[in-house]
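See structure below.
Small disclaimer: the values here were computed from a predicted structure and weren't measured.
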Amino acid sequence: MKKIIASAVGIVLVGGVAVTTASAVESQFGGYWRTRSYFEHNFNQPTEGVNTVNATDTRTRLYYTAKFSDDFKFVNKFEFNTTWGDSNGGDVGADGKGNWRIKNSYVDFKLGNVNTTVGIQAATISRGFLFGDDFSGAIVTADFGSFTLPVLYGMVSQEDANTLGWDGSTAKNMGFSTNSMNQGFTSGTSGDIYLLSAMPKFDINENISLNPQVTYANITSQDTYIWYVGTDVDAKFDAFSAWGTMLHNGGKVDKDITGGSKDADISAWLFAAGAEAGIVHGQGFYATGDDDATDNDVDSLVLIGGDGYGASYYWSEILGLGTFDNQVGSNATMGDKISNIWAVNLGVTLKPMDKLTLDFDAWYAENVEQVLVDGKMEDKLGTELDAKLSYQIMDNLKADFIYAYLFAGDAAGDKDIQEGGVQLSLSF
């Protein structure tokens, strides 16, 4: 009888603890949803048969945060995607299984003036020119008021987790490519690849901030290391705002990876700037390219990340991925991976009524160094015109109508490129 009473008391106590713990947690829900229908015409010339696309797809993101206090929370973000008419959820019967993704899952806690996030999370370095993606790792940020110091550690690839072999014959495909249009570390290499970055931010005054960064990455099993130094500058005033980014990429790549006769030295640069005043906005960027593909020196930016790399800077609709980011408009550009390209933009944003916004943008772009296109060396990507109409149907529900036309240069193809469509989206 005593054992029964003791067990009953134990159950009550455990239940009481569970109730108390659960009641101390504030559950926060949010998300994002969009459905878009679009066409792409004459993309990725001279490839035949895959350069015209008509598609409709749906993306859903669901967010759940368990908030224990103002200084401690547990964040989760999930995503699933379906293309209408595919055999994985978009057909009759639905029930898709293979398109579920865990975007983020991490703890976020603050001790004194130091905030720490650990787990699968997102980060941006140099506005995305260097890195703008989800990753596994930690960010520790010390806050001193007008000065903050975030330090990031990310695991790009882990040998034991991937259990993939390594030899020089597969290095270019698995780990590092010296092709100026496909430059970077990828997952699946032998040896660990990790990322370290310090990104202090200084608020000079209420209008100007300075955000320098130092970033380092390497392959532990090879004599290969890559480093980046750069800075972001932001200025915001009543009449206008402006920003600038400078990035220098250096380091060394082992000859066993490149397949060359000696180690390759890296020396690449990126410069970018933009401004907005009233209804007018504009920007431009310049990223060096590899001037001699036959030598071992690397003059274009080496990107860090997993499959598809971690760098992500969206710009125009066709050449820079844009809203309908199914594919890049031209094989002569890496889309949101800015390397071996320069481009300038001028645009206007109009708001004729409260819920209606009109955006018109013109872009001109070229490869810095010529690339091989259909048997010829070319550099001109062309002039792109983008038009976007956005209407706020309800507080959280918006419709976008987009059309883009690229007057194709020789590097983009011998036919002009078009893209257009409509997107319905909501956030909560």
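In this structure, the side chains of Gln327 and Asn44 come closer than 4.5 Å at one or more pairs of heavy atoms. Side-chain contact between Ile318 and Leu406 is present, with heavy atoms from C-beta onward closer than 4.5 Å. Gln283 is listed as a side-chain neighbour of Trp363, based on a closest heavy-atom distance under 4.5 Å. Side-chain contact between Gln45 and Asp414: present, with at least one pair of heavy atoms (C-beta onward) separated by less than 4.5 Å. Contact annotation: the side chain of Phe324 approaches that of Arg36 to within less than 4.5 Å [non-hydrogen atoms, C-beta and beyond]. At a threshold of 4.5 Å between non-hydrogen side-chain atoms, the residues Lys398 and Ile393 do not count as touching. Side-chain contact between Pro212 and Lys201 is absent, with no heavy-atom pair separated by less than 4.5 Å. No side-chain heavy atom of Thr60 sits less than 4.5 Å from a side-chain heavy atom of Arg34.
A donor-acceptor contact closer than 3.5 angstrom links the side chains of Asp336 and Ser312. With hydrogens and angles left out, the side-chain atoms of Tyr64 and Ser27 include a donor and acceptor closer than 3.5 Å. No hydrogens or angles considered: a donor-acceptor pair under 3.5 Å links the side chains of Trp84 and Thr58. Side-chain contact, Asn42 with Gln418: no donor N or O sits under 3.5 Å from an acceptor N or O. Judged purely by distance below 3.5 Å, without hydrogens or angles, the side chains of Asn81 and Glu79 pair a donor atom with an acceptor atom. Residues Asn115 and Asp108 bring a donor and an acceptor atom of their side chains to less than 3.5 Å of each other.
Using cut-offs of 30° and 60° on the angle between ring planes, the pair Phe72 and Phe109 is perpendicular. Aromatic ring orientation, Tyr216 versus Tyr225: parallel (interplanar angle below 30°, classes split at 30° and 60°).
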* To do: Report the C-alpha distance between Ser330 and Leu319 in whole Å, list the side-chain angles of each, state the deciding distance to 0.1 Å, and finish with yes or no for side chain to side chain contact (heavy atoms under 4.5 Å, CB included).
  => CA-CA 6 Å; Ser330 170; Leu319 293 175; 3.9 Å; yes
* Evaluate the criterion side chain to side chain contact (heavy atoms under 4.5 Å, CB included) for residue pair Tyr153 and Tyr194; output intermediate values, then yes/no. => CA-CA 7 Å; Tyr153 168 81; Tyr194 60 85; 3.9 Å; yes
* Asp325 vs Tyr314, side chain to side chain donor-acceptor pair (under 3.5 Å): CA-CA, chis, key distance, verdict -> CA-CA 9 Å; Asp325 52 358; Tyr314 280 35; 2.7 Å; yes
* Given salt bridge (Lys or Arg N to Asp or Glu O under 4.0 Å), test Lys252 with Asp265 step by step and report yes or no. => CA-CA 5 Å; Lys252 184 180 72 170; Asp265 294 323; over 6 Å; no
* Asked: Should Tyr405 and Phe407 be marked as a ring-ring contact (aromatic ring centres under 6.0 Å, His included) after you check the CA-CA gap, both sets of side-chain angles, and the distance that decides it?
  -> CA-CA 7 Å; Tyr405 192 98; Phe407 297 92; 4.8 Å; yes
* Run the salt bridge (Lys or Arg N to Asp or Glu O under 4.0 Å) check on Asp70 and Lys67 step by step: do they pass? -> CA-CA 7 Å; Asp70 291 339; Lys67 184 178 179 182; 3.3 Å; yes
* Intermediate values then yes/no, side chain to side chain contact (heavy atoms under 4.5 Å, CB included), Trp243 and Val233 -> CA-CA 5 Å; Trp243 60 269; Val233 179; over 6 Å; no
* Under the side chain to side chain contact (heavy atoms under 4.5 Å, CB included) criterion, do Asn326 and Val53 qualify, and how do the steps go? -> CA-CA 9 Å; Asn326 173 59; Val53 172; 4.2 Å; yes
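Under the side-chain contact (heavy atoms from CB on, under 4.5 Å) criterion, Lys351 pairs with Thr357, sequence neighbours left out.
Note that the CG atom of Leu149 and the CZ atom of Phe144 stand 7.0 Å from one another [nearest 0.5 Å]. Annotation: the span from Asn54 atom CG to Phe39 atom CZ amounts to 8.0 Å, rounded to 0.5 Å. Here Phe237 contributes atom CZ and Glu206 contributes atom CD; the two are 9.5 Å apart, rounded to the nearest 0.5 Å. With values rounded to the nearest 0.5 angstrom, Thr141 atom OG1 is found 10.5 Å from Asn113 atom CG. If you take NZ on Lys376 and CD on Gln370, they are separated by 12.0 Å, rounding to the nearest 0.5 Å. Annotation: the span from Asp57 atom CG to Thr35 atom OG1 amounts to 7.5 Å, rounded to 0.5 Å.
Taking every heavy atom of both residues into account, Glu384 and Ala404 meet most closely at OE2-CB, 4.2 Å. Closest non-hydrogen pair, Ser339 versus Ser300, comes out as OG-CB, 3.4 Å. What you find for Thr288 and Tyr286 is that their closest heavy atoms are CG2-CE2, 3.8 Å. Residues Ile139 and Ala122 approach most closely at CD1-O, 4.2 Å, considering heavy atoms. Gly244 and Arg127 get closest at one heavy-atom pair: O-NH2, 3.1 Å. Considering all non-hydrogen atoms of both residues, Val25 and Ala66 come closest at CG1-CB, 3.8 Å.
A salt bridge is absent between Lys380 and Asp410: the closest approach of a Lys/Arg side-chain nitrogen to an acidic carboxylate oxygen does not fall below 4.0 angstrom.
Each of Phe271, Trp269, Trp315 was evaluated against Phe285; a single residue qualifies, Trp315, per the ring pair (Phe, Tyr, Trp, His ring centres under 6.0 Å) test.
Between the side chain of Asp359 and the backbone N or O of Ala387 there is no donor-acceptor pair closer than 3.5 Å. Between the side chain of Ser316 and the main chain of Gly320, a donor-acceptor pair closer than 3.5 Å is present. When atom types are taken as modelled, the side chain of His281 and the backbone of Ala275 share no donor-acceptor pair closer than 3.5 angstrom. The backbone N or O of Glu369 sits nowhere less than 3.5 Å from a side-chain atom of Asn367 that would complete a donor-acceptor pair. Side-chain N or O atoms of Asn211 include none that pairs as donor or acceptor with a backbone N or O of Asp232 at under 3.5 Å. Under a 3.5 Å cut-off, the side chain of Thr245 and the backbone N or O of Ser126 do not form any donor-acceptor pair. Between the side chain of Thr83 and the backbone N or O of Asp86, no donor-acceptor pair lies under 3.5 Å. In this structure, Asp416 contributes its side chain and Ala408 its backbone to a donor-acceptor pair below 3.5 Å. The main-chain N or O of Val75 is never found under 3.5 Å from a side-chain atom of Asn104 such that the two would form a donor-acceptor pair. At least one donor-acceptor pair closer than 3.5 Å links the side chain of Asp143 to the backbone N or O of Gly145.
Applying the 6.0 Å contact sphere to CG of Asp395 captures no more than 12 heavy atoms from other residues, nucleotides or ligands.
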